[in-house]
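Down below is the structure, laid out as structure tokens.
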Amino acid sequence: MTNSISEIEDADCVFIIGSNTSSSHPLVATRIFRAKKKGARIIVADPRTIQISSLADITVRHKLGTDVALLNGIMHVIIQRGWHNVSFVEERTEGFEAFSKGIENYPPEKVAEITGVDAGDIVRMAEIYAKAETGSIVYCMGITQHTTGVDNVKALANLAMLTGNVGRESTGVNPLRGQNNVQGACDMGGLPNVYPGYQPVNMMDIQKKFEKAWNAALSDKVGRTVPQMLTGLTDGSVKALYIVGENPIQSDPDTHHVKKALAAAELLVVQDIFLTPTAEMAHVVLPGTSFAEKDGTFSNTERRVMRVRQAIDPVGDSRPDWQIIQEVSNRFGYGMDYSSPEAVMREIASLTPSYGGITYERLEGEGLQWPCPHADHPGTRFLHEGMFSRGKGLFHPIEYRPPAETVDEEFPYWLTTGRVFAHYHTATMTRNSPTLDAEIREGYLEVHPDDADRLGVLQGDAVTVTSRRGTITAKTAVTDRVQQGLVFMPFHFIESNANVLTNPAHDPVAQIPEFKVCAVKLEKAPL
Amino acid sequence: MDYRTVLTTCTYCGCGCNFYLEVLDGQVIDTIPCKTHPVNEGKLCIKGWNVHEFIQSPKRLKRPLIRRDGVLTEATWDEALDYTVSGLKAIKDAHGSDSIAFLTSAKVTNEENYLLQKFARAAVGTNSVDHCARL
Ligand code: SF4
């Protein structure tokens, strides 16, 4: 997030797009409820009616994968009516000319056709957001999990810059990170192209710095992303995969393809706390510990680094993951000798400029928000104050592109996927919690009442759902939360694994798969 | 009786709420939200309130497993670590560093993520480290 969670409650306008906030980020939703109480206008754009839609001043349900068109339409209105922040655009940005030329192609009437959103609503959304003194954009996987994910994010950045909603309190473009420490995994270099702190692996002086610190020769070749690892396993160029705390069989698109890839591995090592479907395929399983059995830190979605503290001894013979990795490394012949996670953090701070001022001592209390470059730095609540990281903010002209797969005669329904309030990701933890398990026990498919009529199914009847990649069976939940022609499924439940159906086509830059859009057909399941 | 409360950060979503785990004689028995924390200010969602339930679930993995004759069988740490390391070494020798890949995790700590990518890069010699940020 460019800004902090607590700032949201003081925004004059909160624009929520592609985030089922009350379900997936409940404590961010709390801030949105408070903002509403304080008089903020709320805009929601989501293909489904979500809980937070009920308090919105305006809520639109655009067709799957039409986010760029919708946002360009909003910006068209803003520029046409002169609602943009001229001084901000002049002083802090560049590329406005080319960008606004591109936007001319997106008058509201045309956008209405692409998105299914009423042209008048597009104008109202533009007016509410552009005229707010402070406008905060909140988005999540509904924006990123598309073949146009990067375009979607850039379009949001354009919108915020156009209206000067960056670099001030209660503004910004605020992605809600899904997993508790996805921010930290990225910060720590859990990416194939960067070392910790986003320092590129293919820059000479950076490579030298890490070679010296780690006392090892390092590769300047960018590594494989998850989809490339899977392809590598299938074509034989990858022989071993070492997985820590992930469950790709359930979390990745096109499960059949993932299974085939993992089955091809000569060595599959899985380190986890439960025997997940992925661990069941492993050659060797190393039992790690949960967050309650070790010390360390997590970094949340607002870049806040916070302490994790050991409460109990490791369960059974399991070991904290940091000790397992250290032991593997030592036996492999590369010495690691950390006495505690705190010692690891000292090394992280010495090599990662944005974590430079972070120590366990300073994390007591509220934690610290990076960038925190040195020992006296108080941390950073919001980014881009006065200047962007690259100097001036650059407008990117973005054209609308349809999703990779669209409906046709054979596969006439749009399918989108997501989470439910009581469960988490592949539900390994939540389904092992009796209280949460009691809330929702099984997967379901949301179907519009008219579509249910057409299929001849009632609430709770089983239907088979088929995409180009596979077939699953699920019970229906008949509801007008979805529009006609659209169905929704949570992906938490392995028995009706939505990712058997999803499309692995991915964004060319970020390589995010298009979980949010694919085409399916529905049939009443035989009894 | 040994009763303690331990302040920590939620393991589920990216909000990062803080709470106290209540521990009685080595059992995590309940969760109490932290009132002074800037993110959650004394509140939690249903997942946070019940976070203590999965920690000591009987289904937790308690011992390493090695596949023998097609079946995952309990093993000692020594056996499992040696199996892992000799396998990685043999593959690195035969096919090179880039034939090995790592999936790190958005669920483990910063320190653990740091160590895994360091192991991949400095020990194995590959930049093929990724995680489910995209999912
Ligand atoms: S308590 Fe709920 S909202 Fe807070 S971090 Fe945990 S899962 Fe997220």
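The shown structure was predicted, so the numbers you read here are calculated from the model rather than taken from an experiment. Numbered from 1 within each chain, the chains take letters A, B, ... in sequence-line order.
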* Verify side-chain contact (heavy atoms from CB on, under 4.5 Å) between B:Thr109 and A:Phe291, making sure each step is shown before the conclusion. => CA-CA 8 Å; B:Thr109 63; A:Phe291 78 118; over 6 Å; no

* **Stepwise side-chain contact (heavy atoms from CB on, under 4.5 Å) check, B:Glu112 with A:Val244** => CA-CA 10 Å; B:Glu112 290 162 341; A:Val244 177; over 6 Å; no

Heavy-atom contact with chain A under 4.5 Å, split by part of [X]:
X: B:Val6; value: side chain
X: B:Val108; value: both
X: B:Asn18; value: side chain
X: B:Glu41; value: side chain
X: B:Asp2; value: neither
X: B:Cys17; value: side chain

* Asked: Can B:Glu111 and A:Lys294 be counted as an ion pair, charged N to O under 4.0 angstrom?
  -> no

* Basic-acidic side-chain contact under 4.0 Å: B:Asp130, A:Arg224 -> no

Contact class of [X] relative to chain B, heavy atoms under 4.5 angstrom:
X: A:Asp507; result: neither
X: A:Met229; result: side chain
X: A:Val28; result: both
X: A:Gln183; result: neither
X: A:Arg304; result: side chain

* Asked: Can you list every ring-ring contact (aromatic ring centres under 6.0 Å, His included) pair that touches residues 53-110 of chain B, not counting sequence neighbours?
  -> A:Tyr242-B:Phe102, B:Phe102-B:Phe119

* Asked: Should we say atom NZ of B:Lys62 is surrounded by more than 12 heavy atoms from elsewhere, each under 6.0 Å from it?
  -> yes

